[in-house]
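Quick note: residue numbers are just sequence positions, from 1.
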Amino acid sequence: MARRRLTLPDPERLAAAAPAMPAPETTSMFPPVGAPPIARVAGDSAASAALAEMAGEMTRARDEGRMILTLPLEAVDEAYLVRDRLAADPEDLAALMQSIAARGQQVPVEVVALEPGRYGLITGWRRLTALRRLAAEHPGEARFARVLAVQRQPETAADAYLAMIEENEIRVGLSYYERARIVARAAERGVFPDTAAALSHLFATASRAKRSKIGSFLRLYGALDDALRFAAAIPERLGLALVKALDADPGLAERLRRRLAAAAPATPAEELALLAAALKRPAKAAPADQVWAEQVTRGVHMSVARGRIVLEGPDVTALLQARLLTWLRGG
């Protein structure tokens, strides 16, 4: 028995063979072509009004942050505000990148409109950074080339800074040094008249004790900011002890700056160890004629008195002695 192949029917033949069916009755805001002119004018006006109302509602939704926008990464300026977080934890950022690669961006960033096609970043620095790194690692993938965002309209720059800080305080938390730094930088940019006003506004909901500690870290920021490499890693207790020592010893800041420059710590642990060592008192009393003493580098301690320089420590070796003699002899 021969098999017949089944094929799909030809739509044109079906249409030609089908009996003509009356069109269903419909209602529309647009009058039929044969309607009187006044009816057509009324319909056009109603359609225009509906479109205008829809456009106005969309504009309000965008401006009030009720609409999620899709923006090109290059349209967002992350330097619009001085960022409060000094650096993203590498492990946390890697985890965020994996999440976005697997599930997409789940939480939009917050931006403010600067000019047509340009936006300033308010919150979401880590998300924007993760997307930019993914875009660099996967060139040509459209899903990493755009960022989801909601538009905000902060009344002042101070309000924009406050929004940034509040998000980081809630999500991850800032170190005391980072809190002090953003207070100082906001004042430096003229957002606030001084650091006292910046502190009271940006951390208005913090306890009095917390604001006091942030104020103490401002002293540390002013003395050592450009000399520190891993400032965000300074714990509360060590930071407060350093501030106390800086207040008690006017020359400590400069000595610390020289030590940090000479040691060039490569990790947070190395820098913290150097800072902690600066707080330790020498085991024996210094000679009465001693001018100053300090650890010039790891393993070498120098003390200077009238007519005398003493080098001590495990790294004071024969090689160091030979190099020092060669230098002194002009070799």
Side-chain angles (χ1 to χ4, degrees), residues 82-90 174-185 188 213-214 216-331:
V82 176
R83 309 319 304 180
D84 50 356
R85 189 166 297 285
L86 289 174
D89 181 88
L174 299 169
S175 68
Y176 273 103
Y177 192 94
E178 287 172 313
R179 293 177 180 124
R181 177 180 175 275
I182 192 60
V183 166
R185 296 296 296 275
E188 290 168 5
K213 291 173 184 177
I214 297 171
S216 295
F217 270 77
L218 280 168
R219 172 82 171 90
L220 192 60
Y221 166 84
L224 299 175
D225 183 66
D226 57 347
L228 293 166
R229 299 186 178 191
F230 307 99
I234 299 175
E236 174 187 339
R237 181 175 296 181
L238 175 59
L240 294 176
L242 283 167
V243 171
K244 186 176 181 180
L246 288 168
D247 290 338
D249 183 355
L252 177 60
E254 184 56 34
R255 296 199 302 274
L256 273 174
R257 295 172 69 86
R258 289 201 300 266
R259 294 179 195 179
L260 289 165
T267 65
E270 290 181 11
E271 186 166 273
L272 292 177
L274 191 152
L275 294 174
L279 300 176
K280 296 179 180 179
R281 295 182 180 180
K284 56 183 180 180
D289 59 349
Q290 179 171 299
V291 178
W292 61 268
E294 70 169 77
Q295 179 179 318
V296 293
T297 186
R298 285 180 294 176
V300 180
H301 183 274
M302 174 187 289
S303 58
V304 179
R306 295 183 180 88
R308 182 173 69 252
I309 297 177
V310 178
L311 297 178
E312 299 175 294
D315 287 348
V316 180
T317 62
L319 177 60
L320 176 62
Q321 177 185 350
R323 289 178 175 176
L324 183 58
L325 286 174
T326 299
W327 177 77
L328 289 172
R329 290 168 180 167

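When every heavy atom of Leu256 is checked against every heavy atom of Ala278, the shortest pair comes out as CD2-CB, 3.5 Å. Across Ser216 and Val243, no two heavy atoms sit closer than the pair O-CG2, 3.2 Å. Closest of all the heavy-atom pairs between Glu270 and Pro265 is OE1-CA, 3.5 Å. Here the closest heavy-atom approach between residue Ala266 and residue Phe230 is recorded as O-CZ, 3.4 Å. Annotation for Ile234 and Leu272: closest pair CA-CD2, 3.8 Å, computed over non-hydrogen atoms.
Among residues two or more places apart in sequence or in another chain, the side chain to side chain contact (heavy atoms under 4.5 Å, CB included) test is passed with Glu236 by Tyr176, Lys213, Leu240. Legend: residues meeting side chain to side chain contact (heavy atoms under 4.5 Å, CB included) with Ala227, ordered by chain and number and at least two apart, are Arg257, Leu260. Contacts of Ala245 classified as side chain to side chain contact (heavy atoms under 4.5 Å, CB included), with partners at least two apart in sequence or in another chain: Leu252, Leu279.
Separating the CZ atom in Arg185 from the CG atom in Asp225 is a distance of 7.5 Å, to the nearest 0.5 Å. In this structure, Thr267 OG1 and Arg229 CZ are separated by 10.5 Å, a value rounded to the nearest 0.5 Å. Between the OG1 atom in Thr326 and the CD atom in Gln321 there is a gap of 10.0 Å [rounded to 0.5 Å].
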Can you list the steps and then say if Ile182 with Glu178 is a side-chain contact (heavy atoms from CB on, under 4.5 Å)?
-> CA-CA 6 Å; Ile182 192 60; Glu178 287 172 313; over 6 Å; no

Pairs under 3.5 angstrom only: tabulate donor-acceptor contacts from the side chains of residues 217-224 to other protein residues two or more places apart or in another chain.
from   : atom 1 : to     : atom 2 : distance (Å)
Arg219 : NE     : Asp247 : OD1    : 2.8
Arg219 : NH2    : Leu246 : O      : 3.3
Tyr221 : OH     : Glu188 : OE2    : 3.1

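Counting heavy atoms of neighbouring residues, nucleotides and ligands inside a 6.0 Å radius, atom CD1 of Ile309 does not exceed 12 of them.
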